[in-house]
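See structure below.
Residue numbers start from 1 in every chain, and the chains themselves are labelled A, B, ... in the order their sequence lines are given, proteins ahead of strands. Basis for what follows: all heavy atoms, side chains included, without hydrogens, waters or symmetry-related copies. What you see is a predicted model; the values in this text were computed from it and never measured.
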There are 2 protein chains.
Amino acid sequence: MNIINLNKTVTIPKGDILLKQGDIAKYGYFVKSGCLKSYTIDHLGKEHIMQFAPETWMITDLDSFSNQVPSLVYIEAIEASEVSIISNADVKDINQFEKADLVEMNTKFRNNLIATNKRIIGLLSATAEQRYTNFTDTYPSLVQRLPLKLIASYIGVTPEYLSDIRRKIAKN
Amino acid sequence: MNIINLNKTVTIPKGDILLKQGDIAKYGYFVKSGCLKSYTIDHLGKEHIMQFAPETWMITDLDSFSNQVPSLVYIEAIEASEVSIISNADVKDINQFEKADLVEMNTKFRNNLIATNKRIIGLLSATAEQRYTNFTDTYPSLVQRLPLKLIASYIGVTPEYLSDIRRKIAKN
DNA sequence: TAATAAAAATAAGATACCTTAAGAAATAAG
DNA sequence: CTTATTTCTTAAGGTATCTTATTTTTATTA
């Protein structure tokens, strides 16, 4: 099996939840069209977005999927989406993979890790406004597509404050 | 070559800088004893710690090391340390590796990614006090070992404020 | 051991960002 | 088209965290 050429797709209506916080992830999702998000809900009931997954992206709770521990995140369709589903059972036996597959997985993990580290640098060292302009620079197509409140959640501010930021940017 | 059994070690005095922000990382460092840190300096001149690397940990700027782009971080010895050095040239040809090596790299990248994602969840959703107690729970040995100001930098607060947090915790 | 430097504690005032609340605008539904 | 729902904007007041400054404690060096 080639892990990246999954051809069976499933249609997910907007709003459907594919994984719940606390459950164990049986599946990972390759998005063919539409967009999913993963998010935590904190002890105050507030949502914090970890990842957007538009077309060509893969999304799951990696720890839950790989190690069968409770998921820290929800996964939900923020648009009607078509996804290919990869099952935990499909990848359990690491020895089934060819070298080329392993090399490819390596590259994907590495690139993901690089991006994730950049996000941490931003959260530690940048102001909310800088994180927002960084987001618009990095994901310009998502800025058009996503409601403000989701972008706010991703960069770690309230929607009200992001609205202030946008107004301030527009003024200059 | 087995990528994880490097036997030649080099002694690094406390305070030595092994990589500078903006430079291209030629090397990665496996710490045999002592402790290194990686950190950015933001446009206001403030330091933000990305990673501590005590014994058995590996540290580099992954993007810079893998893709020969300018490093976002400094790497510096915070204790006198012994390290094994892996050169970018040593790993450039991915096909030199055996399947077992690739599987092991995979696991390491994956675990690193899982930990990094948890850190993002904390930065997005936890208070400074929660991030501190989470740090002490996750890395109890480092709490003894590292000065407060470095822990403050890692969790994303000023040393003064972490001092307040500790006092408040001690009071209860 | 004394002298010096570095780290930590403490406190007062400042600011980035949040909370709450209300109204306006856009989108979806009937 | 009309209504209902969601999203966005705006504003006032509040809180977590920062800044600056001083003092105390701890660590380093002479």
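In this entry the distance linking CZ of R167(A) with P of dT9(D) reads 8 Å, nearest Å. Protein atom CG of L146(A) is 14 Å distant from nucleotide atom P of dT27(C), rounded to whole Å. In this structure, the CG atom of L148(A) is 7 Å from the C1' atom of dC8(D), given to the nearest Å. Look at CZ on R145(B): it is 18 Å from C1' on dA7(C), rounded to the nearest Å. Computed from coordinates, the K168(A) NZ to dC17(C) P distance equals 9 Å when rounded to whole Å. Following rounding to the nearest Å, E79(A) (CD) and dT27(C) (C1') show an atom-to-atom distance of 15 Å. When rounded to the nearest whole Å, the span between NE2 of H48(A) and P of dC17(C) equals 16 Å. To the nearest angstrom, P of dA16(C) lies 16 Å from CD1 of I155(A).
For the helix from dT1(C)-dA30(D) to dG30(C)-dC1(D), the angle separating the two terminal helix axes comes to 50°, with each axis derived from five pairs and the value rounded to 10°.
For K14(A), the NZ atom is loosely surrounded, since the number of other residues' heavy atoms within 6.0 Å does not exceed 12.
Seen from the ring of F65(B), R110(A) does not count as a face-on cation partner, given the 6.0 Å and 45° thresholds.
Residues S71(A) and D23(A) are not in side-chain contact: their nearest non-hydrogen atoms beyond the backbone lie 4.5 Å or more apart. Within the 4.5 Å cutoff, the side chain of F109(A) has heavy atoms near those of the L62(A) side chain. By the 4.5 Å heavy-atom criterion applied to side chains, E47(A) and K37(A) are counted as neighbours. In this structure the side chain of I12(A) never reaches within 4.5 angstrom of the side chain of Y29(A), judged on heavy atoms.
Legend: salt bridge (Lys or Arg N to Asp or Glu O under 4.0 Å) pairs involving residues 142-152 of chain A, not counting sequence neighbours, sorted by first then second residue: E55(A)-R145(A), E79(A)-R145(A).
Judged by distance alone, the side chains of K46(A) and S125(B) never bring a donor and an acceptor atom under 3.5 Å apart.
The aromatic rings of Y74(B) and Y39(B) lie parallel to each other, their planes meeting at an angle below 30°, with 60° marking the opposite boundary.
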Taking protein heavy atoms under 4.0 Å as touching, what does nucleotides 13-30 of chain D look like 5' to 3' if B marks base contact, S marks sugar-phosphate-only contact and - marks none?
---SBSBBB---------
